[in-house]
2 protein chains.
Amino acid sequence: MNLKELAASLGLSQTTVSRALNDYPEVSEATRQRVKEAARRNNYRPNTRAKSLATGRTMAIGHVIPVSTRHEIVNPIFADFIAGAGEVYARNNHDLLLSVVPDRDEEQAYRDLAAKGSVDGAIVHAPRPEDPRIALLSRLGLPFVVHGRAGVGDGSYSWVDVNNRRAFHRATEFLLDLGHRRIALINGQEAMDFARRRREGYETALAERGLRADPALMRSDEMTEFYGYRSARQMLEGPQPPTAFLVSSMITAIGVRRALGDMGLRLGRDVSVVIHDDELSYLRNGEDIPIFTATRSSVKQAGRICAEILLDIIRNPGRPPRHVLLEAELTVGESTGPAPGRP
Amino acid sequence: MNLKELAASLGLSQTTVSRALNDYPEVSEATRQRVKEAARRNNYRPNTRAKSLATGRTMAIGHVIPVSTRHEIVNPIFADFIAGAGEVYARNNHDLLLSVVPDRDEEQAYRDLAAKGSVDGAIVHAPRPEDPRIALLSRLGLPFVVHGRAGVGDGSYSWVDVNNRRAFHRATEFLLDLGHRRIALINGQEAMDFARRRREGYETALAERGLRADPALMRSDEMTEFYGYRSARQMLEGPQPPTAFLVSSMITAIGVRRALGDMGLRLGRDVSVVIHDDELSYLRNGEDIPIFTATRSSVKQAGRICAEILLDIIRNPGRPPRHVLLEAELTVGESTGPAPGRP
DNA sequence: TTGCCCGTCCAAAGCGCTTTGAAAACTTTT
DNA sequence: AAAAGTTTTCAAAGCGCTTTGGACGGGCAA
């Protein structure tokens, strides 16, 4: 059932029917009701393509999700982020267009999105320092919001980020207060902006107590379970093992926990672990009491906020960029305790 | 840059330019080259909306991903499934339209996809027995492929599924052969078709050895980490604890492992665990040697196959439905051993 | 009654593309 | 050289919608 047929069935013109449905004033209340009722009865939905061609707005948002060419990994936070964003899109009658691309083709993916005119805006995931996609999108004139930040020039575009620096600063202080001196950092890839910030928070906190980060206790890679396992084992079997770990993701921490188990070490007694928890829906950090002591910040919520902001930017072009910095509070769980050999 | 402008800049008509770009024969090789070169130079991409309006094909596939209203959970396998499918879409110049909806609105979401004419086909995720979406899509005439099956009438629609019944039959036999008699099943929600089949495989294997499944050893719920933890603890602390677990997902098994750790039990010695492994990219079951003994089947691969089949159905309507049943091989890892008190 | 305004409706153009039917420009055949 | 065929190009219609510019008629003031 299309507009023409609907109009014919009502004995009205397409114009009037279209206006009635879109709540334009120049149609009488009686006809509006009649039209809406008929539309409902026929389960009429205007054809998206035609509508967007006519209005010049696509009512769709693009998400480009990169797949690591090295390990063929898709970041597990995408599911939750997209669930959050998708919820907002649904509420605002927008579609979500997903492009899954090898990470080296990412730029072209955005270029295509803009050239093909298939979206009104885009979300930029997993920004790297000085990420070229940001300059590209600005140049293309496609509205966008970055989930994370990309180094300097933060003021010139809209972003939603967690205060990664402060979170890791705080977590490190917490471990230092417990008497830990050899604290390992199992971080995400340094190529990512968030990983750099987390490291800075960690290093600063150490420095403030007159300690220097030991390169032997720092790892940086894609945050898989095995990466956590391998890193923890290597460090714990080394000459000067750490007494505590700072781990950038729940999944990696699960690998760390496995390593501890295999080595007969007890989490929270022999070795402490603090994680950053993205609050993935299927990997909750415990129900009532947290399993891991964690700095937590909901990725789903970040998705919602990004989407809200992007829709707002599209509706109101020309406004100054918007920034949201989410604080990650530290919640104490059972994975941390005083450094061994300490009261 | 649109077609009109491109044509003008070349001194050709839109018709000729369009035909040159779409490799129609009625244009000379010389002009074709000239046109393609100019298109490349101007980074020209035909407007998707206009193109699909003209052709009647949207070049887009819809995925409706339900969010559990009970727990606000989005199934972690979606990320990998979509990565696989998205790869195929990209290769075939199709877009992926994602709708995130509360699971109770799922039907309406498909109805909307069809009415708004925004996709050429759809993937049905997580089918339940006698899933109403299948009848609905058939009625709407929207091509679709089901990831999984939905009970009877399997012949009438296309699907890609894992042989869940055989996988769990095999896994149960494996544990029985190791001497286990009290084998627990920590399954997905019984409302899902795959969970029902897995239970059947498990029960049949037990029955074939003259054993009856003990309801006290069977659980069914959303496959979270905590669900695994809670179920394992409850059963192990019960009067007649199991010596082995059959777990429907890696994530749930991580919870089971945590429970074992907390109780001071050793995985593979005190208690055996066999899992079904969907081979999620960020949660590999070990690198070289598998952590868990597992029946494994790649969800990403399933996504690829679903996508290939769907595109094929769209290209060649009227062909009989297609079915792919993937076998999940059993790989032995370190999580299983002989039943305690047995040589 | 006339004139004007306002509320209500409509015909037609246009969004950027594909595709039909026909014309123009070459080639080949007679 | 004309006729016939072939290749190459084009103008225009149409996809399903929105939106512009008008038309029509009823109500009100003059």
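Quick note on labels: first sequence line is chain A, next is B, and so on, each numbered from 1.
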Proximal nucleotide (of [options]) relative to the [X] side chain:
X	options	result
A/Lys51	D/dT18, D/dG16, C/dC17	D/dT18
B/Ala50	C/dA11, C/dG16, D/dT18	C/dG16
B/Ala54	D/dA11, D/dC15, D/dC17	D/dC15
B/Leu12	C/dT18, D/dT9, C/dG16	D/dT9
B/Leu3	C/dC17, C/dC10, D/dA11	C/dC17
A/Tyr24	D/dT9, D/dT19, C/dC9	D/dT19

May I ask you to evaluate whether [X] reaches the phosphate of [N], defined as a side-chain N or O under 4.0 Å from OP1 or OP2?
X	N	value
A/Thr16	C/dC10	yes
A/Ser13	C/dC9	no
A/Ser18	D/dT18	yes
B/Tyr44	C/dC17	yes

Partner of B/Val299 under side chain to side chain contact (heavy atoms under 4.5 Å, CB included), chosen from B/Ile82, B/Val162, B/Ile77
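Answer after filtering B/Ile82, B/Val162, B/Ile77: B/Ile77.
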
Measure from [atom1] on [X] to [atom2] on [N] and round the result to the nearest Å.
X	N	atom1	atom2	answer
A/Arg19	D/dT20	CZ	C1'	8 Å
B/Gln14	D/dT9	CD	C1'	14 Å
B/Leu21	C/dT19	CG	C1'	15 Å
B/Glu26	C/dT18	CD	C1'	12 Å
B/Arg49	C/dG16	CZ	P	14 Å
B/Lys116	D/dC17	NZ	C1'	15 Å
A/Arg45	D/dG16	CZ	C1'	16 Å
A/Asn2	D/dC15	CG	P	9 Å

Would you say the rings of B/Tyr89 and B/His63 are close, in the sense that their centroids are separated by under 6.0 Å?
yes

Side-chain donor-acceptor pair under 3.5 Å between B/Ser68 and B/Asp103, yes or no?
no

Of the options A/Phe78, A/Phe194, A/Trp159, which is the one that meets A/His125 in a ring-ring contact (aromatic ring centres under 6.0 Å, His included)?
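Going through A/Phe78, A/Phe194, A/Trp159 one by one, the ring-ring contact (aromatic ring centres under 6.0 Å, His included) with A/His125 is satisfied by A/Phe78 alone.
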
Just jot down the side-chain hydrogen bond (donor to acceptor under 3.5 Å, both in side chains) partners of B/Glu87, sequence neighbours excluded, or say none.
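Applying side-chain hydrogen bond (donor to acceptor under 3.5 Å, both in side chains) to B/Glu87 gives B/Arg304.
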
At 4.0 Å (heavy atoms only), tell me whether [X] reaches a base, stays on the sugar-phosphate, or touches nothing.
X	result
A/Ser28	sugar-phosphate
A/Thr55	sugar-phosphate
A/Ser52	nothing

Judged by each residue's nearest nucleotide on DNA chain D, which is more toward the 5′ side, B/Thr15 or A/Asn47?
B/Thr15

Would you call B/Ser52 and B/Arg57 a side-chain contact if the rule is heavy atoms closer than 4.5 Å?
no

